[in-house]
Each structure stands twice: as C-alpha cells, then as structure tokens.
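By convention in this document, chain letters (A, B, ...) are assigned in the order of the sequence lines, proteins followed by strands, and residues within each chain are numbered from 1.
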Protein chains: 2
Amino acid sequence: MFSKTCKYAINAMIYVASLPGGNERSGLKDISKAINSPEAFTAKILQQLVKSDLLHSMKGPNGGFYIHRDTHQIFLSEIVQAIDGDLIFTGCALGLEKCSEDHPCPVHHKFKAVRDHLTGMLMTTSLKDVADSVNVGSSFLKI
Amino acid sequence: MFSKTCKYAINAMIYVASLPGGNERSGLKDISKAINSPEAFTAKILQQLVKSDLLHSMKGPNGGFYIHRDTHQIFLSEIVQAIDGDLIFTGCALGLEKCSEDHPCPVHHKFKAVRDHLTGMLMTTSLKDVADSVNVGSSFLKI
DNA sequence: ATATTAAAGGATATTTTTGTCCTTTATAAA
DNA sequence: TTTATAAAGGACAAAAATATCCTTTAATAT
C-alpha cells in the first residue's frame, strides 16, 4: 500500500505530533527509537519531510525536529503525497498508462470506489486525530 | 497497492479468461503481447499462477495456458493472494509487527474500513465479471 | 523415431528500494 | 571564540523487485 519509507514518515510525523508541549523539538535518535526505525535512513526521510514543509528542523544543541503548523490542519494525505507521490491516489490498479473513465481498465470502477474511500480517509484524518489517540493510550507507535 | 508482478498476473488472467471458447489455450507470446508485458518475466509469473492452480498449461505444439476452473468461481482475491500473499489483506498500514484490535496502530480502525472494502471488492469480483467487460468492449487491457 | 513447438527451470543481470557511513554546515552553550 | 551538538548532504552498500537469457523437459505432428 504505502512504501516502507512512507510508513516510517507517517510514524515519525505522528510521534512528533504526539509530543507534549506542541512545539517541542525531538531529535533524530529519539524519533527513530520511538518508531523503531533505522536511524540513518530515518534521517533521510525527515529531511524529505522538512523539504516538503511538513516538518521543521533546528541544528545544534537542543536542536531537532518539530511541527510548525497546527497538527489539526495537517492530514495524512499530505504525508503520503510528499513521500509516495500521488500514484496511490490516481494510478491505475492494473498499472495501465492510459486508464480513465473513458478508457477504463477492467477493474477501474470497482477499484475507484476503494481508492476514493482511501483518499477520503487520508484527507480527513489529521495528525492531531491520530496523535491524540496515541497520547490517550488508545493506539500505539510500536510494540 | 499491488506489486507490478501482481498487476501483470491479474492482467494475464483476465486476458486468458476473456478468450472466446472458454478453454482455448493461449501462448506466452500472445499473452505478453496482449497485456503489454515483458515476455520472459511474464513466463515466470504464469509459472507461479500454474503452481497456484489458477492457470493450467500444456507444453508442445498448440500448447499454452488455459483456465481449468469456471471463471465465475475465480475471484481477483485469489490471484492477489497467490502473487502478493496476504499482507495486503492483513498487514498493518504503518508496518507494525504487532497491530491488532487490542493493540492498534494509530490508523488501525480507519484503515481497516478501507482494507475491508478492498478485500470485499476483490473477493466478490470474479474473473468472469471483468473478462466479460473486456469482451463487450467496455473495458480494456492496454492502450 | 525425429523434428518442432512451447512451457519449465536455472542462472544471471538490472533497477529500485532500503539502508549505512562519513563529512559538512548551522546553532547554541561554555 | 571555542567546543559540543545535531541536522544536512554526498557517496556508497545491501536487499528486494523486476527483467533477461539460455538450457531442459514435455507434448505434438511429420
């Protein structure tokens, strides 16, 4: 569904969003430990998120990553889009180059319904929604 | 969503299912031409499908691949399962090893709804359904 | 029987994704 | 101002997915 990179990215964003204090910073080590991901690889992903303006960073002592925007206004779809692009939202299920309403692949219509469901879910689920559920202990970021 | 291998597999199965005459055989060349896939790679995929008993094959002159079972009773889910395994049906959206109703990841419940939708679609869409739509010209296997 | 055809199978190559390591740059604290 | 800290960036490595090539096996037709 999502690339491994994208899964790490979502996890990382949720973790940072779930930190108390809102704009508190969290370092690479903390993040990768919290989401159980390889540190160096996570660094690259965080860089991508910073470039996509989903995350912000500060170098030096007490530096780290933080979220600038209101987490209530950041939706999972933005993270997925930033990392995996929009093929998941628009691509043909069977990989056809030219697949559209006018020239549909054999599963186009049925698949579109599922994809719209997924897209809708991602576009309406905010980082705050999921971070809150982590904070109240009703969901988890790792084992 | 699906691996490229799986997409080729679905396309190939639909193509063979859409052949007139039902149990007619189609060769590797025809199939890979029809679905616009690399021939040698497609050969490997067809082998997998044969091993999974979704497809049957005959060597020698006039040999080729054909579908044994009633295409009305073969569902897309079986193809996906045979090639990509069942991670798409059961795996955690965020890649967590231990993700369940009791110990859900932050998107578990919302994602489950989407996944159930996908699963339901795949389990109820038969090869005959989609092959028919190709045959009447309302859907296409390539550009 | 022999030749031809087409799938099966094994080995290998290429590409993409995932992952690591090390140096450079920016920031802050001493 | 110097030192410590932590992200940024570049180069490289490993693993997995995708793809090719060539030989072997099975079936048919001559």
Side-chain angles (χ1 to χ4, degrees), chain A residues 1-13 15-16 24-68 80 82-85 87-88 91 94-95, chain B residues 1-13 15-16 24-68 80 82-85 87-88 91 94-95:
Chain A
M1 187 73 74
F2 308 127
S3 70
K4 219 166 170 186
T5 304
C6 188
K7 291 174 187 174
Y8 289 143
I10 298 173
N11 272 292
M13 287 296 293
Y15 173 69
V16 176
E24 207 164 318
R25 290 191 270 271
S26 177
L28 167 63
K29 274 180 195 169
D30 289 337
I31 295 174
S32 57
K33 213 166 286 172
I35 67 172
N36 205 30
S37 65
E39 199 176 304
F41 189 48
T42 304
K44 299 297 185 190
I45 299 169
L46 297 177
Q47 271 180 51
Q48 281 189 70
L49 290 170
V50 168
K51 277 184 187 156
S52 305
D53 216 55
L54 285 161
L55 201 59
H56 285 252
S57 68
M58 187 76 115
K59 290 182 178 181
N62 300 316
F65 298 89
Y66 59 98
I67 294 174
H68 197 70
V80 173
I83 304 294
D84 280 351
L87 228 59
I88 195 169
L94 300 185
Chain B
M1 186 74 74
F2 308 128
S3 70
K4 220 168 169 183
T5 304
C6 187
K7 291 173 186 173
Y8 288 144
I10 297 172
N11 272 292
M13 288 295 293
Y15 173 69
V16 176
E24 207 165 317
R25 289 192 270 272
S26 179
L28 168 63
K29 274 179 195 171
D30 289 338
I31 296 173
S32 58
K33 214 166 287 171
I35 68 171
N36 203 31
S37 64
E39 201 175 303
F41 189 50
T42 305
K44 299 297 186 192
I45 299 170
L46 296 177
Q47 273 180 48
Q48 281 190 70
L49 290 170
V50 167
K51 278 185 187 154
S52 305
D53 216 55
L54 286 162
L55 201 58
H56 285 254
S57 69
M58 187 74 114
K59 289 183 179 182
N62 300 318
F65 298 89
Y66 59 99
I67 293 175
H68 197 70
V80 173
I83 303 295
D84 279 352
L87 227 61
I88 195 169
L94 299 186

To the nearest angstrom, the CZ-C1' distance between Phe2(B) and dT18(D) comes to 18 Å
Value in whole Å for how far the C1' atom of dA8(D) lies from NZ of Lys51(A)
8 Å
For Phe41(A) and dA11(D), what is the distance between atoms CZ and C1' respectively, to the nearest whole Å?
16 Å
List every contact pair, protein side and nucleotides 26-30 of chain D side both N or O, where the distance is under 3.5 Å.
from, atom 1, to, atom 2, distance (Å)
dA26(D), O4', Lys59(B), NZ, 3.3

Indicate whether OP1 or OP2 belonging to dA8(D) is found under 4.0 Å from a side-chain N or O atom of Ser57(A).
yes
Report the distance from atom CG of Leu94(A) to atom CG of Asn11(B), rounding to the nearest 0.5 Å.
5.0 Å
Value in whole Å for how far the P atom of dT20(D) lies from CG of Leu46(B)
14 Å
Side-chain donor-acceptor distances from residues 40-63 of chain A under 3.5 Å, at least two apart:
from, atom 1, to, atom 2, distance (Å)
Thr42(A), OG1, Ser37(A), OG, 2.6
Thr42(A), OG1, Pro38(A), O, 2.6
Ser52(A), OG, Gln48(A), O, 2.8

Could you state the atom-to-atom distance from CD of Glu39(B) to P of dT18(D) in whole Å?
19 Å
If you measure from CG on Asp30(B) to NZ on Lys33(B), what distance do you get to the nearest 0.5 Å?
6.5 Å
How many angstroms lie between atom NZ of Lys7(B) and atom CG of Asp84(B), to the nearest 0.5 angstrom?
10.0 Å
Atom-to-atom span, CD1 of Ile45(B) to C1' of dT18(D) - whole angstrom
9 Å
Tell me which nucleotide among dG19(C), dG9(C), dA7(C) gets nearest to the side chain of Tyr8(A).
dG19(C)
Contact class for Lys7(B) vs. all strands (heavy atom < 4.0 Å): base, sugar-phosphate, or nothing?
nothing
The nucleotide from dG19(C), dA7(C), dG9(C) with an atom nearest the side chain of Lys44(B) is dG9(C)
Across the strands shown, which category fits Leu28(A) at heavy-atom distances under 4.0 angstrom: base, sugar-phosphate, nothing?
sugar-phosphate
Most 5' of Gln47(B) and Ala40(A) on DNA chain C, judged by nearest nucleotide
Gln47(B)
Ignoring hydrogens, what is the shortest heavy-atom contact between Phe65(B) and Val16(B)? Give both atom names and the distance.
O-CG1, 4.1 Å
Return the value, rounded to whole Å, for the distance between atom CG of Leu49(A) and atom P of dA7(D).
14 Å
Whole angstrom value for the distance that separates P of dT27(C) from OH of Tyr66(A)
10 Å
May I ask you to test the Tyr8(B)-Ile83(B) pair for a side-chain heavy-atom distance under 4.5 Å?
no
Output a table of nitrogen or oxygen pairs between the protein and nucleotides 13-17 of chain C separated by less than 3.5 Å.
none

